[in-house]
Amino acid sequence: MNLTLKIWRQKDSNAKGQMVDYKVTDISEHMSFLEMMDVLNEQLIASGEEPVAFDHDCREGICGMCSMYINGEAHGPDRGVTTCQLHMRMFNDGDTITIEPFRAAAFPVIKDLVVDRTSFDRIQHAGGYISVNTSGNTQDANNIPISKHAADEAMDAATCIGCGACVATCKNSSAMLFVGAKVSQYALLPQGQVEAADRVRNMVAQMDLEGFGNCTNTGACEIECPKGISLENIARMNRELMKAQF
Amino acid sequence: MSGFFKSSIGRKVAMALSAFFLMIFLFQHFVINLLSVFSGEIFNEVSHFMGTNWLIQFVMQPVLIFGVVFHFIMGFILEIKNKKAQGVAYAKNNGAANSSWVSRNMIYSGLVILAFIVLHFIDFWFPEINTKYIQGDWSGVHEGVEGYRYFHELQEKFVNPARVAAYIVAFVFLALHLLHGFTSAFQSMGATAGRKKTLQNIGKAYSIIIPAGFIIIALFHHFNHIH
């Protein structure tokens with residue numbers, strides 16, 4: 001496959017970025033999108049140019065590091081996949097592909113396609129945990145009976161890898177799918193009840209402080225989420241926050 | 001609790017609560033308008049009651065005005081905040097791939113509805129306030145009109161085809177606004193997924209039947225007015 005790539009290049013967080021055109025040739029349709037980016041970078045390095053900076057780590061859809069807004073969609077046109085799981089067979093020979101960083105005021109660009117998603121970490125620090133005494137007498141989690149339904153729902157919420165596709169996709173740059181999933185995974189389990197009210201209050205407060213926008217229920221996040229996190233988690237977070245007022 | 005309404009989710013809830021109130025109001029407005037199709041006399045009686053009952057005039061009317069103004073102002077505030085949260089715009093954004101046009105353009109359907117409300121106030125509300133509160137005429141009658149004046153006024157307003165056309169356009173946008181807004185309000189209030197399908201169906205029925213009804217009523221009076 002021969003492709004034209006329109007890629008956002010930005011030297012550093014303070015620089016003014018711009019879209020730059022590149023050509024890549026002989027791309028195999030079996031390559032992952034990131035492998036195609038590797039080919040481009042090898043070309044750029046060989047010709048003495050600065051390679052395109054992009055986030056990646058596990059390259060198997062688990063770590064949530066790879067980002068990229070490809071042809072107007074987070075993680076590209078495929079569903080239920082991260083960018084590392086996106087294959088070049090999703091594109092056609094001769095295509096022009098637009099590649100941009102995830103956009104949100106709360107996700108500032110560090111360089112090229114790399115954005116700072118530490119705002120998600122700060123939201124997690126605000127309450128995305130349970131306090132457990134790990135002095136050596138920690139009781140077995142299986143001692144507490146949990147219904148299969150609740151356990152499955154909590155697990156579904158916990159599959160969120162915190163990639164930020166929800167924010168990148170949302171027309172309001174809202175982080176509510178992420179925060180909803182993180183609140184839900186504990187709200188559904190007995191271990192999460194003790195700190196439930198403080199957790200939702202603090203996480204929502206931190207989310208607002210980070211400058212994420214407000215959810216208007218377009219549902220775009222749910223469609224673009226590589227892990228299929230349901231909008232139900234946002235509704236649950238709303239209920240949890242209302243409950244936390246009393 | 002005041003802290004709650006300052007949070008992003010609290011604002012969503014406030015938006016949803018005002019939306020519920022406005023949807024209930026719209027339904028009762030529709031029912032009263034519908035009476036005008038079947039009987040001018042009953043429509044006159046109900047209109048006179050609504051226009052002169054102190055509870056409706058001095059309690060419900062201010063609450064309604066507050067609800068309308070609140071919903072619009074909060075809508076604008078949220079839109080501005082959300083625009084700010086976006087930062088740099090995408091060079092290419094394929095919104096249609098993951099969301100409906102109506103859900104992404106609530107501000108524009110809302111603006112058309114706001115323009116319609118201005119027209120509606122000029123047509124009905126300002127003359128009504130003038131007659132009752134400035135002229136001091138609470139009789140509900142008008143010289144040369146048999147019985148109460150309300151039905152006659154309603155018919156007169158729908159003579160002009162330009163106004164009827166404006167009403168139709170406005171109600172089409174209201175339908176679009178409701179098609180997303182109805183279920184969105186329930187989602188904001190934390191409605192569970194189990195009820196989602198039922199809510200979507202009720203939402204679709206409400207969003208289409210009520211605005212279509214208003215359009216039919218306008219057309220009915222346009223084609224049946226006294227020449």
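Letters go in sequence order (proteins before strands), and every chain restarts at 1. Note that the structure is a prediction, hence the values are computed from the model and not measured.
Residue A:Ala168 touches chain B through both its backbone and its side chain, counting heavy-atom pairs closer than 4.5 Å. Contact of A:Cys215 with chain B is made through backbone and side chain together, with heavy-atom distances under 4.5 Å. Heavy atoms of B:Val13 lying under 4.5 Å from chain A belong exclusively to its side chain. For A:Arg79, the part sitting under 4.5 Å from any heavy atom of chain B is the side chain, from C-beta outward, and nothing else. For A:Asp208, the part lying near chain B is the side chain, with the backbone staying farther off; criterion is any non-hydrogen pair under 4.5 Å. Looking at B:Ser188, both its backbone and its side chain come within 4.5 Å of chain A, counting heavy atoms on both sides. Contact of B:Leu78 with chain A is made through the side chain alone, with heavy-atom distances under 4.5 Å.
Residues of residues 67-78 of chain A that come within less than 4.5 angstrom of chain B, heavy atom to heavy atom, are A:Tyr69, A:Asn71, A:Gly72, A:Glu73 in numerical order. Against chain B, no residue from residues 146-167 of chain A qualifies, as none has a non-hydrogen atom under 4.5 angstrom away. Residues of residues 92-103 of chain A having a heavy atom under 4.5 Å from any heavy atom of chain B, listed by number: A:Thr98, A:Glu100, A:Pro101, A:Phe102, A:Arg103.
Between B:Phe186 and B:Phe182, the ring centre distance stays below 6.0 Å. For A:Phe212 and A:Phe178, the ring centers sit 6.0 Å or farther from each other. With ring centers used as reference points, A:Phe33 lies under 6.0 Å from A:Phe91. Between B:Phe173 and B:Tyr108, the distance separating the two ring centers is not shorter than 6.0 angstrom.
When each of A:Met176, A:Met237, A:Arg236, A:Met19 is scored by its heavy-atom pairs under 4.5 Å with chain B, the top score falls to A:Met176. Among A:Asn217, A:Leu241, A:Ile234, the residue with the largest count of heavy-atom pairs under 4.5 Å with chain B is A:Asn217. Between chain B and the options A:Val204, A:Ile223, A:Asn238, the largest number of non-hydrogen pairs under 4.5 Å is found for A:Asn238. Your options are A:Ala244, A:Gly211, A:Ala105, and the one with the most heavy-atom pairs under 4.5 Å with chain B is A:Ala105. When the candidates B:Gly87, B:Gly190, B:Gly95 are compared by the number of heavy-atom contacts under 4.5 Å with chain A, B:Gly190 comes out ahead. Highest contact tally toward chain A, considering only B:Met106, B:Lys84, B:Arg104, B:Arg11, is held by B:Arg104 [criterion: heavy-atom pairs under 4.5 Å].
Using a 4.0 Å cut-off between a side-chain N of Lys or Arg and a carboxylate O of Asp or Glu, A:Asp112 and A:Lys11 do not qualify as a salt bridge. A salt bridge between B:Lys83 and B:Glu79 is present, with a side-chain N of the basic residue lying under 4.0 Å from a carboxylate O of the acidic one. Under 4.0 Å is where a charged nitrogen must lie from a carboxylate oxygen, and between B:Glu128 and B:Lys132 at least one such pair does. With respect to the salt-bridge test (charged N to carboxylate O, under 4.0 angstrom), the residues A:Arg239 and A:Glu232 qualify.
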Chi angles and distances behind the side-chain hydrogen bond (donor to acceptor under 3.5 Å, both in side chains) call for A:Thr216, A:Asn172: CA-CA 8 Å; A:Thr216 52; A:Asn172 310 318; 2.8 Å; yes

Step-by-step ring pair (Phe, Tyr, Trp, His ring centres under 6.0 Å) determination, B:Phe43 to B:Phe38: CA-CA 8 Å; B:Phe43 176 77; B:Phe38 299 106; over 10 Å; no

Before giving the answer on side-chain hydrogen bond (donor to acceptor under 3.5 Å, both in side chains), spell out for B:His180 and B:Ser103 the whole-Å C-alpha distance, their side-chain angles and the decisive distance to 0.1 Å. CA-CA 6 Å; B:His180 175 68; B:Ser103 73; 4.6 Å; no

Begin from the C-alpha positions of B:Tyr206 and B:Phe27 and carry the test ring pair (Phe, Tyr, Trp, His ring centres under 6.0 Å) through to its verdict. CA-CA 9 Å; B:Tyr206 180 95; B:Phe27 180 74; 7.0 Å; no

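Within 6.0 Å of atom CE in B:Met60, 12 or fewer heavy atoms from other residues, nucleotides or ligands are found, so the atom counts as exposed in its surroundings. Applying the 6.0 Å contact sphere to NZ of B:Lys204 captures no more than 12 heavy atoms from other residues, nucleotides or ligands.
Defined by atom type and a distance below 3.5 Å, a donor-acceptor pair is present between the side-chain atoms of B:Gln57 and B:Tyr133. B:His29 and B:Asn33 share a donor-acceptor pair across their side chains, judged by distance under 3.5 Å alone.
Taking OG1 of A:Thr218 as the start and CG of A:Leu231 as the end, the distance is 8.0 Å to the nearest 0.5 Å.
Ring geometry for B:His221 against B:Phe158 counts as parallel: the plane angle stays under 30°, on a 0 to 90° scale with 60° as the upper cut.
Among residues two or more places apart in sequence or in another chain, the side chain to side chain donor-acceptor pair (under 3.5 Å) test is passed with A:Asp116 by A:Thr118.
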